[in-house]
Amino acid sequence: MTYEVGRPRGLLGGGIQQALDVVVNFSLDVQPGEFVSVIGPSGCGKTTVLFLLAGIRTPSAGRIEVCARPPRDAVRDGLCSVIFQQPVLLEWLSVEENVLLPLRLRDPRWWLWPGRRGQYLERAGQLLRTVELDAFSHYYPEKLSGGMQQRVAIARALTLDPQVLLLDEPFGALDEITRDRMNLELLRLYEQRALTIVFVTHSIEEAVFLSDRVVVMGRGASPRTGSSIVREVRVDLPRPRTAALKEDAAFFQKVREGRAALREAQQLQ
Amino acid sequence: MVQDTAPSVPPARAAPRRTPFADLGSWTAFAVFVIVAWEIGSRAYNQPYLLPAPSQIIAALREDAPLVLFYAGITTQETVLGFVAGSVLALLGAMLFVWLPRALENFLYRAVVTLNSTPFVALASLVVVWFGLGITSKVVIAGLYTFFAVLYHAHKEFISVDPMREYLMDVYNASWLQRMLLLKLPSALPIIFTSLKGGVMAAVNGAIVGELFGAFEGLGYMILDSRYVGNTVRVFLAAVFCTMIGWVLLGIVTVAERLLLPWHVSMVQERP
């Protein structure tokens, strides 16, 4: 799978940027129920990979399938859902309305059916309970902390009950305490709902703690060649994982392995 | 597991919100201040032909009340009709612009810019020629003033929505209409309201300019007529009524804004 950034148009853009292969030779097979993290130096195209998987961008060459269909269809059918770096909540909608937004978008004439709003609100309530924000359902998102906002985004991503969850550094903007707690929340959801997860991050500890497999991306020999997968680290630590794992020698060993792989990836440049 | 949802959650929407009429008191105080200062200044200056005092204007109003109120009614009617038509058309126009293919959008945008850079006074006199001396031509002129005030801002806001939000709409397969109503319009509303406040003032202006170019009723006609006969007090009286029309309409738009945008930051947070 390769992906090319479009050639910018305009008087001033032409000389500065040119068409660029961002990601090349990227071949990844994620098993159902697997938790895969994608890690790599900043600017290596991790987000691009995720956007390709989510069908937001289309590859210039290669083939991508999610749940045995093109990524766009998988997302549209509600089988696959995305969580971005920022919560991307609509500030004019209350928390619960943000959560039921996907239902509303899928059903344009929802307001014609008397009972439907009630059903949707009930669904939003359930989801907010799973992220423990049910007490805040009538708040505007702005009133919530960053971690709480990201939990609303998680609830929204679960609204259509997806099988695959794509996360793009979802907790990157949060402080460490909140991030640790969010990681445990995510693991709980992953285990309860038997999700398949692709998780983009730049933190090795986070990747090792969460995943079954860590995929390390690296940029090519020159800045003009695209990034590709350079290493893969299997994390066969037992599940369910708890905070105690972070004190475990096996965990440290895997983190060390991951860090070595990342260093190698950077030296390849 | 999660600590910040402890049972002691405050009731929803506990933050104090500004009520729609929060500014009424300070506006009244401002008006009283202006009138008193004007009265004192004008009496000190003592040139009633150049700067009549508020008391003289009130006396003139008492003399001509039915006629002035009738004229003010006409001008209000022109302003409101022009403002409503102009802003609705501007919003629909901005939506049309983003709906059209890029080439057509560019073409229409250029047409609008050209029309807007034509001097309004020239445009206004033409409109009077085309639509006659009645109320229609003034509604059209007020509408044009509002249209341009609102169109640019609405269009600009519609095309500069945060790309991540557009992606979100992509992901959930939103239709064009859903994207407009659930994303573009709400995120543009704060700026649209700011431009509507400019638009309401522009509409008053437009109506008066239209009346100056040919009319047989309305406050603009009264200004022209009183100036010919050298009755400065009545010119002031008409101007004061124009200001009041602007104030009241601005107040209505502001109240509508506060009711419609309770989520907007500038509404929920006091400026430091």
Side-chain angles (χ1 to χ4, degrees), chain A residues 51 54-57 71-73 75-78 80-82 84-95 97-98 101-106 108 128-129 131-145 147-148 151 153 156-157 159-160 166 168 177-178 181-182 184-185 188, chain B residues 1-18 102-103 106 157 161-193 256-270:
Chain A
F51 276 24
I56 295 170
R57 301 229 186 284
R72 232 189 147 74
D73 294 357
V75 166
R76 286 180 176 187
D77 296 347
C80 172
S81 204
V82 199
F84 299 110
Q85 287 179 16
Q86 302 297 323
V88 201
L89 303 175
L90 306 183
E91 68 264 23
W92 48 89
L93 298 179
S94 69
V95 163
E97 283 169 318
N98 265 292
L101 184 74
L103 289 167
R104 223 167 123 176
L105 289 173
R106 206 168 60 161
L128 285 171
R129 263 194 298 284
V131 294
E132 302 185 15
L133 281 179
D134 41 324
F136 294 87
S137 55
H138 299 295
Y139 276 62
Y140 283 115
E142 243 148 82
K143 301 279 172 217
L144 271 52
S145 72
M148 289 156 88
R151 287 198 336 253
R156 182 182 59 197
T159 304
L160 298 181
L166 308 170
D168 181 15
I177 301 166
T178 316
R181 189 195 295 156
M182 297 291 284
L184 288 170
E185 288 258 300
R188 184 173 57 84
Chain B
M1 192 176 298
V2 178
Q3 299 307 312
D4 47 4
T5 55
S8 63
V9 168
R13 238 178 250 172
R17 265 203 347 223
R18 285 166 71 181
R102 189 63 63 83
N106 282 341
E157 284 300 294
V161 173
D162 175 13
M164 291 311 288
R165 294 182 169 185
E166 296 272 17
Y167 294 152
L168 186 79
M169 291 285 155
D170 282 347
V171 163
Y172 292 115
N173 199 16
S175 67
W176 184 89
L177 192 65
Q178 287 176 325
R179 203 179 282 254
M180 179 51 79
L181 294 180
L182 285 168
L183 177 64
K184 287 184 193 286
L185 192 61
S187 49
L189 271 182
I191 300 291
I192 287 177
F193 266 107
E257 180 186 29
R258 300 237 168 111
L259 291 175
L260 276 171
L261 308 183
W263 47 269
H264 187 46
V265 184
S266 68
M267 298 296 143
V268 285
Q269 280 172 4
E270 283 298 317

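Each chain gets a letter, A, B and so on, in the order its sequence line appears, and its residues count up from 1.
Remark: A:V75 pairs with A:C80, B:V171 by the side-chain contact (heavy atoms from CB on, under 4.5 Å) rule, at least two apart or across chains. Residues forming a salt bridge (charged side-chain N to carboxylate O under 4.0 Å, His left out) with A:R76 (at least two apart in sequence, or on another chain): none.
Minimum interatomic distance between B:Q178 and A:L105 (heavy atoms only, all atoms of both residues): NE2-O, 3.0 Å.
Between A:F84 and B:Y167, the angle of the ring planes lies from 30° to 60°, which puts this pair in the tilted group.
For A:W92 (side chain) and B:L183 (main-chain N/O), no donor-acceptor pair under 3.5 Å exists by modelled atom type.
Contact tally against chain A (heavy-atom pairs below 4.5 Å) for B:L168, B:D170, B:L189, B:D162: the top residue is B:L168.
Counting only heavy atoms from C-beta outward, the side chains of B:Y172 and A:V82 never approach each other to under 4.5 Å. Side chains of B:M169 and A:L101 form a contact here, defined as non-hydrogen atoms less than 4.5 Å apart.
Residue B:S175: no heavy atom, backbone or side chain, is found under 4.5 Å from chain A. Proximity to chain B is limited to the side chain of A:S81, based on heavy atoms less than 4.5 angstrom apart.
Atom CD of A:E91 has more than 12 neighbouring heavy atoms from other residues, nucleotides or ligands inside a 6.0 Å radius.
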